[in-house]
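Order of the sequence lines fixes the chain letters, A, B, ..., with proteins taken first and strands second; residue numbering starts at 1 for each chain.
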Amino acid sequence: MYDNLNNEQKEAVLTTQGPVLILAGAGSGKTTAIVNRIAHLIKDLGVYPSQILAITFTNKASQEMKNRVKNLIGEDAINMWVTTFHASCVRILRREIDKLGYTKNFIIYDTYDQKTLIKDCIKELGINDKEITDKEIKNKIGEAKDNLISPDEFKNINQGNYRNNKIADAYLLYQKKLKLNNAVDFDDIICKTVELFIKNPEVLSFYQRKFKYVMVDEYQDTNKAQYELVYLLAKEHKNICVVGDDDQCIYEWRGANIRNILDFEKDYPGTKIIKLEQNYRSKSNILNAANGMIVKNHNRKDKTLRTEKEAGDKIKIYKAYSDINEGSFIAGQIKKLIDQDGKNLKDFAILYRTNAQSRIFEDSFNRIGIPYRILGGLKFYDRKEIKDILSYVKFLYNSSDDVSLRRIINVPKRSIGDTTVAKLQEFASNLDIPLFEAIDFINQDEKFSSRNTTALNKFYQMILNLKSKTELSVPELITEILKDTGYLEELKKSPDVEDRSRIENLEELVSAAAQFDESSEDKSLEAFLEKVTLVSDIDNYDETADTVVLMTVHSAKGLEFPVVFMVGMENGLFPGTSSFDNIEEMEESRRLCYVGITRAKELLYMSHATTRTVFGRTSSYAISDFIEEIPKDLKIYIGEETPVYHKMVKEDSVHSLRSLYKTDLKDKVETVIKHKDDGKAIPGQKVKHIKFGVGTIIKADSDGNCVKLTIAFDNMGIKTLMLDIAPLEFI
DNA sequence: ACCGTCGCCATTTTT
DNA sequence: TGGCGACGGT
């Protein structure tokens, strides 16, 4: 039955009892292994599907897993919990959250709602928002929640710390407000579930008995809270199987703890370790390049991926003389590969570290007419108009949701301005009731003018009327909202072209809702809201659409492409400047690069530009250390080694740019040359500073006359110095 | 209540 | 450079 699996995969499928750690390298067929393991449990061992819990991080991954299990065992699969961490926790919380003092119709706040609420807290506590920003508070709260630190504990830990103490107050208030609004944030979804289990042993026991077999995918990216959740659930039966690859841990900056996977055997005595080291994805040169660079990391489990595939082409390293040149080179290569090698558009992926880098490629692709899609950046559900309408939906579902109420109360304009809302807020706070309820009482209060009360009452009536329509199907309800609130009408009246696309987006929202209504089992409002708040951009990535795709390396995890272009491979960009400061970050960056390389099946290009525009100024960076770390015989340099200024002049004449642009470029060329002649002040150059000691230039910024150097000193961290005045010596 | 301008600030983001 | 949020003037 499992003849198409290799020996290790078979072992992973057949080892069902006790803790199992499957170290699955990139492209090693881990999903195949898990899916077959589930089938084996159900078909051969008679385990009920309802006794299996399989957790992933993304909807896309869970969808794929569910479908593949369905193909193997049929419709039985629907009783199985194959979901994301968040979706499974929400499911549990929907049933049990009243035990924590919330009501079951709680809603989920996304990061924007979260930000609004935190700003409220800042205001209410009189915190100086210049001194402690909402961003910092949000990060600290998130970090605390990732590590299961409650507001009270946080306050305790930070007794002596003035700054964190204020943040602790914000955390306390924030949590209180969430509860008042009957809302949870993303992090709460996990940690409230853990809290629920700890405070209610009988609830925990129920789920422990239910789930005889627990499986977790991408285990290397779990944080403390997720670790604890899994640990609690698996404690009873100890049939826990985690799958992961420590080399692909790229979310440490978001609380993922690589120790979870590195120490798994210690946490679960008697662990059986299975390594999947056979790679089925990449040509051997690509795989060996990945292997060759990742061994530079110290914090990892020892393993080496192997492949039976042919060597294939060497990694092509392209040295561009500018970011624009990098873009046009790649556009040209894609065109060439399509015309000459019969490749399709969808075979290509451009991977970068930061979203901002997409722009230049968009320009070059537009110029020569290459269709492309960008993943990431602004999500569909994050668009203003979509969020507005969804706030209405959320609010109709849960009228304690003050954050949503305040978002929509004056959208479209209905003469309820900030001052009126502030008055209402104060009034409601005094009575300790939600804003909406408060509107019912304002008529008796003389603080409100008759203009206020009319406007508010009108709004109140409108909402009541809409509330009576919540029994409609979701697409119908949304249509009603668009109509009754006058939202659509206002957009239609607007002469602004942007509002045109807003209307289109709203139409798309209605069709998305219609599609949800057709295809989902649970067609309820709450199911829709959950779906909408818990989707990501990548979930909607359709791999069959024939266009080139652009995305960050992070988003590309789990995907594969025949041809991959890793761009912006420069010290200071990838790895980023701050990675030079500490080893952990550098190692994570290297893992990110590893993830990028291992996305490629047949061809891999890595490019770097000697000059690029960053924040409006021209900077130059040295080639990425990560490229240097790839063994020499696996790569080939295809950029011409012509001096910078020649290339620039040539580019001018070839593209016959506007004369203005020409002079501009020439100026830049001259500055670059001048400084190079002056003092070798280019990235990659080793220097000695009179005070800071030895270091390496990682970035050179030229701004008219002076050059700013960013230097990573061996013992002093990163400093930015002026070339003209810094006591530097080139060594 | 609304609009324009100024100044600040820049990773990565599975949910 | 450019996008966003805070602020001040009408």
F57(A) vs H86(A), test: ring-ring contact (aromatic ring centres under 6.0 Å, His included). Steps then yes/no. CA-CA 8 Å; F57(A) 274 87; H86(A) 293 263; 8.2 Å; no
Quick one, give me the B/S/- string for nucleotides 5-10 of chain C, reading 5' to 3', where B means a protein heavy atom under 4.0 Å from the base and S means that only happens at the primed atoms, P, OP1 or OP2. -S----
Would Y219(A) and D245(A) count as having a side-chain donor-acceptor pair, cut-off 3.5 Å? no
What is the distance from CG of D363(A) to P of dT1(C), rounded to the nearest Å? 15 Å
side-chain hydrogen bond (donor to acceptor under 3.5 Å, both in side chains) assessment of Q357(A) paired with T354(A): CA-CA 6 Å; Q357(A) 287 165 261; T354(A) 67; 2.8 Å; yes
Shorter than 3.5 Å, N or O on both sides, protein versus nucleotides 1-3 of chain B: list them out with atom names.
unit_1 : atom_1 : unit_2  : atom_2 : d
dA1(B) : OP1    : G417(A) : N      : 2.5
dA1(B) : OP2    : G417(A) : N      : 3.3
dA1(B) : OP2    : D418(A) : N      : 3.3

Per the O4'-C1'-N9-C4 / O4'-C1'-N1-C2 angle with a 90° window around 0, dT11(B) comes out syn
Output all residues satisfying salt bridge (Lys or Arg N to Asp or Glu O under 4.0 Å) with R353(A), sequence neighbours left out; order by chain, then residue number. none
CD1/I583(A): more than 12 non-hydrogen atoms of other groups inside 6.0 Å: no
Separation of K557(A) atom NZ from dT14(B) atom C1', in whole Å? 7 Å
Taking all heavy atoms of A170(A) and all of I127(A), pick out the closest pair and write down the distance. CB-CD1, 4.4 Å
Are L178(A) and D188(A) close enough that some pair of their side-chain heavy atoms sits under 4.5 Å apart? yes
Sequence-aligned protein contact record of nucleotides 7-13 of chain B, with B where the base is within under 4.0 Å of a protein heavy atom and S where only the sugar-phosphate is: ---BBBB
For the residue pair Q248(A) / Y594(A), report whether a side-chain donor-acceptor contact shorter than 3.5 Å exists. no
Residue pairs, two or more places apart or on separate chains, that pass salt bridge (charged side-chain N to carboxylate O under 4.0 Å, His left out) and touch residues 564-580 of chain A: E570(A)-R612(A)
At 4.0 Å (heavy atoms only), tell me whether V535(A) reaches a base, stays on the sugar-phosphate, or touches nothing. sugar-phosphate
Would you classify D110(A) as touching base, sugar-phosphate or nothing, given that sugar-phosphate means primed atoms plus P, OP1 and OP2, and contacts are heavy atoms under 4.0 Å? nothing
I need the CZ-P distance between R383(A) and dC4(C), as an integer number of Å. 13 Å
Give every donor-acceptor pair under 3.5 Å between a side-chain atom in residues 87-95 of chain A and any protein atom, sequence neighbours left out.
unit_1 : atom_1 : unit_2  : atom_2 : d
S88(A) : OG     : T84(A)  : O      : 2.8
S88(A) : OG     : F85(A)  : O      : 3.1
R94(A) : NE     : E530(A) : OE2    : 2.8
R94(A) : NH1    : K104(A) : O      : 2.8
R94(A) : NH1    : F106(A) : O      : 2.9
R94(A) : NH2    : F106(A) : O      : 3.1
R94(A) : NH2    : E530(A) : OE2    : 2.9
R95(A) : NE     : Y207(A) : OH     : 3.2
R95(A) : NH2    : Y207(A) : OH     : 3.2

Heavy atoms, side chains only, cut-off 4.5 Å: are L534(A) and F186(A) in contact? yes
